[in-house]
K.L.:
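Sharing a structure with you now.
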Amino acid sequence: MQNSKLDRTFFERPVLEVAPELLGKILVRKTDQGIISGKIVETEAYVGEEDLACHARNGKTERNKVMYGAAGHIYIYLIYGMYYNFNIVTAKEHVPEAVLIRALEPVGGIEFARENLRNFGRVRSDKDFMKGPGKLCAALNLDKTFYDEDITDSDRVWVEDPFLCHSDRLRRATSGGISFFNKFKIETSKRIGIDYADIYRDKLWRFTIKDNKFVSQ
DNA sequence: ACATGGATTCGCT
DNA sequence: GCGAATCCATGTT
């Protein structure tokens with residue numbers, strides 16, 4: 001099998017290039033239960049210290065320091081005391097950019113994902129269970145132990161390009177009626193939940209697959 | 001030390 | 001459409 005895992009060169013570019021290109025890629029999570037995976041259908045770009053919606057807006061802190069490091073590392077944080085949000089760091093070192101993964105179209109390990117959600121505190125929905133940044137973290141059992149993990153060199157979470165992937169596992173998944181090879185259109189819109197961010201609230205830095213029913217909202 | 005509020009989700013009105 | 005759940009990083013005293 002050829003290596004279809006996205007490498008550091010993919011992430012080591014400006015976040016406004018990486019965020020839309022992640023659409024259609026497969027986020028894969030290997031757990032004790034088995035493999036859980038989903039197609040990325042919604043992302044948001046957070047664009048450095050200047051972007052008043054970005055956690056780096058006030059400079060480097062204990063929480064956001066990973067954003068200043070190498071591309072491909074994971075920035076995950078607790079929000080509202082009960083959910084995690086999962087980001088991948090982009091750009092060169094010292095440039096604090098990241099992509100928030102906001103929704104997945106379920107691909108594999110769907111029963112494991114349901115189980116994780118039912119076991120998780122407030123998230124009880126067992127449909128649309130990867131729709132929304134907090135829910136997809138619960139579904140994939142992603143927590144703070146993933147902080148700073150290198151997604152290009154991890155054995156428990158990575159991103160695959162389905163156009164390059166010839167593994168039996170993904171072929172099986174794609175034979176279930178979900179086609180990865182359909183062309184799709186990318187829509188841009190305003191980012192969710194950042195009304196405090198002055199002029200940056202209106203930037204069209206949310207990227208979604210047009211008409212995909214697993215996009216949030 | 002302390003107060004604040006958030007890149008969310010759900011359930012009820 | 002709105003309030004609650006629930007925690008801790010961050011900014012302020």
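Being a predicted model, the structure only gives us computed values, none of them experimental. The figures that follow rest on heavy atoms only: side chains count, while hydrogens, waters and symmetry mates do not. We name chains A, B, ... by the order of the sequence lines, and we start the count at 1 in each one.
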K.L.:
Side-chain N or O of R63(A) less than 4.0 angstrom from OP1 or OP2 on dT10(C)?
P.N.:
yes

K.L.:
Whether R63(A) engages the ring of Y77(A) as a cation-pi pair (distance to the six-membered ring centre under 6.0 angstrom, angle to the ring normal within 45°) should be assessed.
P.N.:
yes

K.L.:
Tell which nucleotide pairs with dT6(C), taking only Watson-Crick or G-U wobble pairs whose two distances are both under 3.5 angstrom.
P.N.:
none

K.L.:
Determine, answering yes or no, if Y80(A) is stacked on dA5(C) under the 5.5 Å centre rule and the 30° plane rule.
P.N.:
no

K.L.:
Distance check needed: dC10(B) P versus K131(A) NZ, whole Å only.
P.N.:
11 Å

K.L.:
Within the structure shown, what part of the strands sits under 4.0 Å from G81(A) by heavy-atom distance: base, sugar-phosphate, or nothing?
P.N.:
base

K.L.:
On the six-membered ring of F120(A), is R122(A) placed so that its NZ or CZ lies under 6.0 angstrom from the centre and within 45° of the ring axis?
P.N.:
no

K.L.:
Only pairs with both distances under 3.5 Å count, Watson-Crick or wobble alike; so what is the partner of dA7(B) in this structure?
P.N.:
none

K.L.:
Over all strands shown, is I194(A) touching base, sugar-phosphate only, or nothing at heavy-atom distances under 4.0 angstrom?
P.N.:
sugar-phosphate

K.L.:
Quick one: is T61(A) getting a side-chain N or O under 4.0 Å of the dT10(C) phosphate, OP1 or OP2?
P.N.:
yes

K.L.:
Considering only the P atoms, how many Å lie between dT6(C) and dC2(B), rounded to the nearest integer?
P.N.:
23 Å

K.L.:
When the P atoms of dG3(C) and dG5(B) are compared, how many Å lie between them, rounded to an integer?
P.N.:
15 Å

K.L.:
Expressed in angstrom and rounded to an integer, what is the separation of R57(A) atom CZ from dG6(B) atom C1'?
P.N.:
9 Å

K.L.:
Of the candidate nucleotides dT9(B), dA7(B), dT10(C), which contains the atom at the shortest distance from the side chain of R122(A)?
P.N.:
dT9(B)

K.L.:
Within the pair R102(A) and dT8(B), is there a side-chain N or O less than 4.0 Å away from OP1 or OP2?
P.N.:
yes

K.L.:
Give the rounded distance in Å between these two atoms: CG of D128(A) and P of dT8(B).
P.N.:
17 Å

K.L.:
In whole Å, what is the span from the CD atom of E44(A) to the P atom of dT8(B)?
P.N.:
7 Å

K.L.:
Indicate, with a heavy-atom threshold strictly under 4.0 Å, whether N87(A) touches base, sugar-phosphate, or nothing.
P.N.:
base

K.L.:
What's the closest nucleotide to the side chain of M67(A) if the choices are dC10(B), dT8(B), dA7(B)?
P.N.:
dA7(B)

K.L.:
Which whole-number value in Å describes the distance from Y83(A) OH to dC10(B) C1'?
P.N.:
7 Å

K.L.:
I need the OH-C1' distance between Y196(A) and dT10(C), as an integer number of Å.
P.N.:
13 Å

K.L.:
Looking at dC10(B), does its base get a donor-acceptor pair with the side chain of R124(A) below 3.5 Å?
P.N.:
no

K.L.:
Under 3.5 Å, is there an N or O donor on one side and an acceptor on the other linking the side chain of Y77(A) and the base of dA7(B)?
P.N.:
yes

K.L.:
Are D126(A) and K135(A) within salt-bridge range, i.e. N to O under 4.0 Å?
P.N.:
no

K.L.:
Any carboxylate oxygen within less than 4.0 angstrom of a Lys/Arg side-chain nitrogen, looking at R156(A) and E149(A)?
P.N.:
yes

K.L.:
Whole angstrom is fine here: how far is it from CZ in F120(A) over to C1' in dT8(B)?
P.N.:
10 Å

K.L.:
Nearest of dG6(B), dC7(C), dG11(C) to any side-chain atom of L78(A)?
P.N.:
dC7(C)

K.L.:
To the nearest angstrom, how far is F207(A) atom CZ from dA7(B) atom P?
P.N.:
18 Å

K.L.:
Under 4.5 Å between side-chain heavy atoms, counting indirect links through other Ile/Leu/Val/Met/Phe/Trp/Tyr residues: same cluster for Y200(A) and Y46(A) or not?
P.N.:
no

K.L.:
The side chain of K135(A) is closest to which nucleotide in this list: dC10(B), dA7(B), dG11(C)?
P.N.:
dC10(B)

K.L.:
Taking the basic N atoms (NZ, or NE/NH1/NH2) and the acidic carboxylate oxygens, is any pair closer than 4.0 Å for E115(A) and R118(A)?
P.N.:
no

